[in-house]
Participant: 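I have a structure I would like to understand better, so I am pasting it below and will then ask my questions one at a time.
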Amino acid sequence: MSAPRLRELEQLHDILDRLGDEARVEVLTRVEHRGQRLPVHGVVLGSTDRTLPTLALVGGVHGLERIGAQVVLAYLHTLVELLRWDEVMQRSLERARIVFVPLVNPVGTLLRTRANGAGVDLMRNAPPHPDGRASFLVGGQQLSPRLPWYMGAPETPMQRESEALCRFIERELFEAPLAIAIDVHSGFGFEDRLWFPYARTRRPFPNLAEIYALERLLDETLPNHVYRLEPQARNYTVHGDLWDYLHDRHADRLADGGDGAARVFLPLTLEMGSWLWLRKNPRQAFSVLGGFNPMKPHRLRRTLRRHLPLFDFLHRATASPRRWAFPEPPVRERLTAAAFERWYAD
Ligand SMILES: [Zn+2]
């Protein structure tokens, strides 16, 4: 029997075939599925120096949300083509690197499930934090892999895919003075949201000032942008969120003494509002993928181009952090107060 085709992986291979010397590609892990071993790739574009500012794009954590991986692949495609002729882009990647994990959960993508092949929701798979207060079920559960939002059995190691993603992010981002990660999902609400930590608690997270400064920069630079920026926990709280976990790991490493250099790590989740696609095309609610993906070709194309300005903005913001990402203490205090007022006062 021939192996079932995984379109996103084929597309990724096509893109990788066109890569020149500016890129490094590695297989972070392989995941078994019915005798096949499906790869999870990591791609690094630009300088080899990990102490430079770095932007990470991640897709395909939830297999059902195929549009997430497709949006990330669309940006990777454009960058690979730009690298062939655009000297401005070549130079800017020498200042700020871009790294990708475009398809974290290949088995889930193949099976059209949110979870991986073992029934584990990878975005609930980090070790739970004592501060965590999860919403019932959707916040992560350890009752059964047959129910959604399964975190994995208690006291077991992380799944291969989550572990590989975390290892890659720690290695490629944690030495950077500024690192931004954006993990692309779909399925919640009518709007495109940009979520920042925490997911586990409604308490404010330590980089409020930097997030608020980034939002101001986004509002000023792209005044007609479509995003609502907010803490993830404003919608629901979850156990085992990988970005909460990575942000904690980053903070621990700084607390461990390190070299005293300022380092900022801002993990964002782009949650594309799929209810809009449903409202415009209610019949797709009856298909497995329809709740999470644009089904009409013109809407798919619109979605694939819609986020390119955001990614380009984030790369520029990453490459030029001095004006916004490291505010002096009095400014930082003002930004924190304004952010608190905006997101936590009610
Ligand atoms: Zn998702």
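Numbers here simply count residues along the sequence, with the first being 1. Ligands are counted one by one from 1 in listed order, and the atoms in each one are counted from 1 as well.
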Participant: Salt-bridged, Glu328 to Arg332, with N to O below 4.0 Å?
Facilitator: no
Participant: Answer yes or no: is there an ion pair linking Asp248 with Arg200, defined by an N-O contact shorter than 4.0 Å?
Facilitator: yes
Participant: Strictly under 2.8 Å, is the Zn ion (ligand 1) approached by any N, O or S atom of Glu65?
Facilitator: yes
Participant: By atom name, which N, O or S atom belonging to His62 lies closest to the Zn ion (ligand 1)?
Facilitator: ND1
Participant: Using 4.0 Å as the upper bound for N to carboxylate O, is an ion pair formed by Arg84 and Glu81?
Facilitator: yes
Participant: With a 4.0 Å cut-off on N to O distance, would you call Glu32 and Arg160 a salt bridge?
Facilitator: no
Participant: Restricting to N, O or S atoms of His185, which is nearest to the Zn ion (ligand 1)?
Facilitator: ND1
